[in-house]
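Only one structure is covered here, and it is reproduced in the block below.
Worth saying up front: this structure is predicted, and the values here are computed from it rather than measured.
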Amino acid sequence: MSRILAIDYGKKRTGLAVTDPLQLIANGLTTVETSKLMDFILSYTKMENVERIVVGLPKQMNGQDSENMKNIVPFVNRLKKVLPNIPVEYYDERFTSVLAHQVMLESGIGKKARQNKALVDEISATIILQGYMESKKFSGSK
């Protein structure tokens, strides 16, 4: 089978998560500088069979797009052009940063590590991916 790659797109850093080949488990992959993100994804998709890419959709509490959408839309459009055989979907990312901090607290990670924004971004991408996988499981689609 193939993997699903999730992206928590940020202005400076972007968190990435990926499923195992059977698409059972979401795991943090890494955090990369956003300026190097496209190169990383192109390299990763050459090494691994990626079936789909899920990009966190930043929404405000009122349902409006957040400010970061102006950066995400051009990135997603370019991604679709350079990887036309891999579908790209958005998935609501509201609360992922809050959940990432909560996960870090509950896991016993020390205060210094909790301040590591790259780790927060990677965990956020993992939460996005896990939520996406669960939504597909409950809806019966892939």
Side-chain angles (χ1 to χ4, degrees), residues 1-107 109-139 141-142:
M1 281 189 82
S2 53
R3 300 175 187 271
I4 300 172
L5 177 68
I7 300 172
D8 181 28
Y9 190 94
K11 291 176 189 170
K12 295 179 184 177
R13 284 175 318 281
T14 296
L16 298 159
V18 68
T19 64
D20 62 294
L22 296 176
Q23 299 180 10
L24 300 173
I25 300 170
N27 293 297
L29 179 61
T30 191
T31 303
V32 298
E33 291 177 37
T34 301
S35 62
K36 298 176 182 175
L37 179 59
M38 190 62 73
D39 290 337
F40 180 88
I41 292 171
L42 292 174
S43 175
Y44 186 80
T45 56
K46 285 179 184 170
M47 294 184 312
E48 296 289 341
N49 186 11
V50 175
E51 170 186 308
R52 176 172 314 274
I53 298 173
V54 177
V55 179
L57 178 64
K59 294 274 189 183
Q60 297 177 23
M61 291 304 298
N62 64 4
Q64 299 290 319
D65 289 344
S66 78
E67 177 190 330
N68 201 26
M69 273 306 282
K70 71 179 186 283
N71 301 313
I72 294 172
V73 170
F75 167 77
V76 167
N77 289 338
R78 183 165 174 241
L79 191 58
K80 288 178 179 180
K81 284 181 184 170
V82 297
L83 295 171
N85 297 326
I86 301 176
V88 179
E89 289 184 52
Y90 288 107
Y91 185 78
D92 190 345
E93 71 170 31
R94 279 180 279 195
F95 306 116
T96 55
S97 293
V98 173
L99 289 170
H101 283 286
Q102 187 176 359
V103 166
M104 292 170 79
L105 275 171
E106 291 173 1
S107 69
I109 292 176
K111 184 176 182 180
K112 185 110 173 139
R114 289 194 311 265
Q115 294 172 344
N116 179 350
K117 292 181 180 174
L119 181 58
V120 172
D121 293 337
E122 185 177 327
I123 292 171
S124 293
T126 306
I127 292 168
I128 290 167
L129 183 54
Q130 189 66 45
Y132 173 82
M133 291 167 53
E134 288 173 8
S135 74
K136 293 304 174 189
K137 182 171 62 174
F138 290 123
S139 71
S141 63
K142 195 165 188 191

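Side-chain atoms of L16 and T31, non-hydrogen and from C-beta on, never get closer than 4.5 Å to each other. Within the 4.5 Å cutoff, side-chain heavy atoms of T45 are placed close to those of L83. Under the 4.5 Å side-chain criterion, counting only non-hydrogen atoms from C-beta, K136 is in contact with E89. In this structure, T30 and F40 have side chains that are in contact, with non-hydrogen atoms separated by less than 4.5 Å. Counting heavy atoms from C-beta on, the side chains of I128 and V54 come closer than 4.5 Å. Inter-residue side-chain proximity for I72 and Y90 is flagged as met; some heavy-atom pair is nearer than 4.5 Å. The side-chain heavy atoms of M133 and T19, taken from C-beta on, include a pair separated by under 4.5 Å. By the 4.5 Å heavy-atom criterion applied to side chains, L42 and V82 are counted as neighbours.
Rounding to the nearest 0.5 Å gives a distance of 9.0 Å between CD of E48 and CG of L29. Distance check, rounded to the nearest 0.5 Å: CD1 of I86 to CD1 of I53 gives 5.0 Å. Rounding to the nearest 0.5 Å places CZ of R13 at 13.0 Å from CG of L37. A distance of 6.5 Å separates CD1 of I25 from CG of N27, quoted to the nearest 0.5 Å.
Smallest separation of non-hydrogen atoms from M1 and P21: CB-O, 2.8 Å. Listed here is the closest heavy atom pair of L129 and V18: CD2-C, 3.4 Å.
Within the 3.5 Å criterion, the main-chain N or O of G28 finds a donor-acceptor partner in the side chain of T126. Judged by distance alone, the side chain of Q23 and the main-chain N or O of S2 form a donor-acceptor pair under 3.5 Å. Not one N or O on the side chain of S43 forms a donor-acceptor pair closer than 3.5 Å with the backbone of D39. Side-chain N or O atoms of T34 include one that pairs as donor or acceptor with a backbone N or O of G10 at under 3.5 Å.
Atom NZ of K46 has 12 or fewer neighbouring heavy atoms from other residues, nucleotides or ligands inside a 6.0 Å radius.
Using a cutoff of 4.0 Å between basic side-chain nitrogens and carboxylate oxygens, E51 and R3 are not scored as salt-bridged. Between K11 and E33 there is no salt bridge, since none of the side-chain N atoms of the basic residue sits less than 4.0 Å from a carboxylate O of the acidic one.
The aromatic rings of Y132 and Y91 stand perpendicular to each other, their planes meeting at an angle above 60°, with 30° marking the opposite boundary.
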TODO: Please lay out, stage by stage, how I41 and L79 fare under the test side-chain contact (heavy atoms from CB on, under 4.5 Å).
DONE: CA-CA 9 Å; I41 292 171; L79 191 58; 4.0 Å; yes
